[in-house]
Amino acid sequence: MPASNFLSPARLRSPPRRSALGSAANLDPTPEHPALRLSRAFLPTLKETPAEAQIVSHRLMLRAGLIRQTAAGIYAWLPAGQRVLQKVAQIVREEQDRAGAQEILMPTIQPAELWQRSGRYDDYGKEMLRIRDRHDREMLYGPTNEEMITDIFGAYAKSYRDLPRNLYHIQWKFRDEVRPRFGVMRGREFLMKDAYSFDLTKEGAIHSYRQMFVAYLRTFARMGLKAIPMQADTGPIGGNLSHEFIILAETGESQVFLHRALLDYDALREAPDYDSDLSHITEFWTRHYAATDEKHDEAAWNAIPEADRVSARGIEVGHIFYFGTKYSAAMGLTVAGPDGAPVHPEMGSYGIGVSRLVGALIEANHDANGIIWPDPVAPWAAAVINLKPGDAATDALAGQVYAALAPDALLDDRDARAGEKFADADLMGHPWQVIVGPRGAAAGRVELKRRRGGERAEVSPEDAIARIRESRSA
RNA sequence: CGGGGCGUGGCGCAGCCUGGCAGCGCGCCUGUUUUGGGUACAGGAGGUCGUGGGUUCGAAUCCCGCCGCCCCGACCA
């Protein structure tokens, strides 16, 4: 494979700094990122909605060219979708790291033997995709990784001094759902962040749980989502302490009930010290009533003043569990305690549905014209729309604005009608549109449109660039 | 897994009941036109009608099997 600019991570992560309009040498609009010109990009949009899509996020993901279905509940991610998926994953990663978790990467394929040891191989049922390799060994495509992480961690952890630890990975999982639906919101193959904590004591495990609890609040808030922790069933993972993180969206899959106070708190207001006692934060979020319809308690609900009751639709985007020694005992994981006697570490696991979040973000951020990406997860900060390709002044100005923003912007240099370009930009949901037409170009002005809200202003190119950069770094 | 529905060009659909040259809109290509919210006109390309079998002079259409996809329910990050 030939070397390419696109293979250089350094270039992707830190675009070269230039003056606002770039240098004269950058009059060529795409010196480094030719695939970000729409005339060359693979960003297929659809005018009509494919019949299979039911909910709004699925429809928009297909129409905006984010995904393509390959089989029921299995999707290919196209360039725009892949960029969003990576943005979401990166925010998750940063907040996990900040909370003290360490990233690893476990395989998608697991030997059945691991699951036979925990007893879950027979319990898991047909949701587990079971396969055989050429030697007829029983394997499976992992639906989760408690067994594997316990095996891996246990191979090295010998002493209580090796605790606590929290390991996570972001990996594709497979659950052979009977009925996949809602696009990536409930696919069979899905990208998930799952973290696993190991502690010497239950108190330690609860601290680890709180770290993840707080990290989750921050993670979702950074994406512009209001995620509410709600008491949850522990389900097949087992254990006795668990919260679901539910984001509120009109088109959410389940009904939720909560106290209004939970909507008023900004999870990013303070930067937590993860080594300190975090109980004041978790207590704030758990002292108010919040439940999904399955766990709804009419008596508790009625005890809330009418004005403080919020009934809404929600989507589960995260789920955290403390489950004690369930797996460490089953898998035979012990470390030497302070007194030399073997101890089963106390464990928890913490999931975030990364691919599902892309759908959930759209459910929470769209209008009749398409997606409205929050700045932190938008595939590109802006689309620079050249209204008259071929006009020298327009080409030059659009190219300069684009060059100053690349690779965090697209350049719509297609020979197409203005309406088509506007419609595509709205559909794809770029937070900003920089509209460059011949009249403005002659006057050295561009029109800056904010996708959310639709405000437009005629500004100088420098101002447009500055405002877009500012919203991006906020 | 129970119930229901649908597979016809890239997308959305009609045609099937009552068998007889495979159609429409959008998109795509060429030309002209238009030029700030999916413009108009003209020309054009593109389909083993999901698949296998059967009935028939003849099957997209009727019959049987299979596959795929979607919806409701149960289930679920």
Side-chain angles (χ1 to χ4, degrees), chain A residues 44-55 58-59 62-63 65 68-74 92 124-128 142-145 170-195 216 227 232-237 242-247 253-254 292 294 314-321 349-360 368-370 385-391 394 412 414-427 433-441 445-447 449 454 456 458:
Chain A
T45 57
L46 296 173
K47 206 166 172 178
E48 291 181 271
T49 303
E52 75 259 20
Q54 201 58 208
I55 61 167
H58 191 194
R59 288 201 295 259
L62 292 169
R63 285 194 54 211
R68 175 170 173 88
Q69 178 164 319
T70 291
I74 301 177
V92 170
Y124 215 92
K126 300 183 90 168
E127 280 205 342
M128 178 182 282
T144 180
N145 288 66
I170 298 173
Q171 177 62 291
W172 292 92
K173 307 277 190 295
F174 196 93
R175 291 182 194 170
D176 199 358
E177 297 278 347
V178 197
R179 194 187 154 209
R181 62 185 125 170
F182 306 144
V184 300
M185 296 269 288
R186 184 156 168 209
R188 291 192 292 173
E189 188 181 49
F190 55 96
L191 187 62
M192 182 176 179
K193 185 286 298 183
D194 39 325
Y216 276 34
D233 282 324
T234 51
I237 307 271
S242 177
H243 286 90
E244 290 179 4
F245 286 75
I246 308 271
I247 67 156
E253 61 202 339
S254 57
T292 61
E294 294 127 12
I315 300 167
E316 181 183 352
V317 290
H319 202 157
I320 60 177
F321 304 87
S349 71
Y350 317 92
I352 290 179
V354 176
S355 50
R356 157 177 274 210
L357 264 169
V358 177
N369 294 326
I385 299 175
N386 181 341
L387 286 180
K388 196 175 177 71
D391 177 82
T394 311
D412 193 344
R414 293 175 298 175
D415 181 20
R417 305 273 306 171
E420 186 176 346
K421 298 184 180 192
F422 294 146
D424 271 348
D426 285 349
L427 174 62
Q433 294 170 20
V434 183
I435 300 159
V436 185
R439 286 194 295 274
R445 308 286 283 179
V446 300
E447 182 174 324
K449 175 185 167 185
R456 300 151 178 274
E458 198 164 286

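What you see below is based on every heavy atom in this structure, not just the backbone, and it leaves out hydrogens, waters and symmetry mates. Throughout, protein chains are lettered first and strands after them, A, B, ... in sequence-line order, and every chain is numbered starting at 1.
Comparing the same atom, P, in B:C62 and in B:U18 gives a spacing of 9 Å after rounding to whole Å. B:C64 and B:G5 have their P atoms separated by 14 Å, with the value rounded to a whole Å. Straight-line distance between the C1' atoms of B:G27 and B:G9: roughly 11 Å, to the nearest whole Å. Distance check on atom C1': B:C70 versus B:G12 gives 15 Å, rounded to whole Å. Nucleotides B:G54 and B:C13 place their P atoms 33 Å apart, quoted to the nearest Å. Here the separation of B:G43 from B:C49, taken at their P atoms, is 29 Å to the nearest Å. Comparing the P positions of B:A60 and B:C16 gives a spacing of 14 Å, expressed to the nearest Å. Comparing B:C21 with B:A59, their P atoms sit 12 Å apart, to the nearest whole Å.
For A:Ala72, whose side chain is taken as the heavy atoms from C-beta onward, the closest listed nucleotide among B:C72, B:A74, B:C69 is B:C69.
For the pair A:Leu62 CG and B:C26 C1', the interatomic distance rounds to 17 Å; values are reported in whole Å. A:Ile74 places its CD1 atom 11 Å from the P atom of B:C70, with the value rounded to the nearest Å. The CZ atom of A:Arg179 sits 15 Å away from the P atom of B:G3 (whole-angstrom rounding). Straight-line distance from the CZ atom of A:Phe182 to the C1' atom of B:C72: 11 Å, rounded to whole Å.
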What do the steps show when you test A:Arg439 against A:Glu458 for salt bridge (Lys or Arg N to Asp or Glu O under 4.0 Å), and what is the final call? CA-CA 12 Å; A:Arg439 286 194 295 274; A:Glu458 198 164 286; over 6 Å; no
Run the side-chain hydrogen bond (donor to acceptor under 3.5 Å, both in side chains) check on A:Gln171 and A:Asp194 step by step: do they pass? CA-CA 8 Å; A:Gln171 177 62 291; A:Asp194 39 325; over 6 Å; no
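Pairing of B:C1, defined by two Watson-Crick or G-U wobble distances under 3.5 Å, is identified with B:G73. When both distances must be under 3.5 Å, the Watson-Crick or G-U wobble mate of B:U34 does not exist. When both distances must be under 3.5 Å, the Watson-Crick or G-U wobble mate of B:C57 is B:G20. In this structure, B:G68 forms a base pair with B:C6, meeting either the Watson-Crick or the G-U wobble geometry with both donor-acceptor distances under 3.5 Å.
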Enumerate all atom pairs, one protein N or O and one N or O from nucleotides 10-12 of chain B, separated by less than 3.5 Å.
residue : atom : partner : partner atom : Å
B:C11   : O2   : A:Glu48 : OE1          : 3.2
B:G12   : OP1  : A:Ala51 : N            : 2.5

So which protein nitrogen or oxygen atoms get under 3.5 Å of nucleotides 33-37 of chain B's nitrogens or oxygens?
residue : atom : partner  : partner atom : Å
B:U34   : O2   : A:Arg417 : NH1          : 2.4
B:G36   : N1   : A:Glu447 : OE1          : 3.1
B:G36   : N2   : A:Glu447 : OE1          : 2.4
B:G36   : N2   : A:Glu447 : OE2          : 2.9
B:G37   : O6   : A:Lys449 : NZ           : 3.3
B:G37   : O6   : A:Arg456 : NH2          : 2.1
B:G37   : N1   : A:Asp426 : OD2          : 3.1
B:G37   : N2   : A:Asp426 : OD2          : 2.5

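A:Lys421 places a side-chain N or O within 3.5 Å of a backbone atom of A:Arg414 that can act as its donor or acceptor partner.
When the nearest nucleotides of RNA chain B are assigned to A:Glu177 and A:Ala71 by heavy-atom distance, the more 5′-ward of the two goes with A:Ala71. Where A:Gln69 and A:Phe190 each meet RNA chain B at their nearest nucleotide, the meeting point lying more 5' is that of A:Gln69.
Just one of A:Arg188, A:Arg186, A:Lys126 meets the side chain to side chain donor-acceptor pair (under 3.5 Å) condition when paired with A:Glu177; it is A:Arg186.
Evaluation of atom-type donor-acceptor distances gives no pair under 3.5 Å for the side chain of A:Arg175 against the base of B:C76. Checked by distance alone, A:Arg181 brings no side-chain donor or acceptor within 3.5 Å of a matching partner on the base of B:C69.
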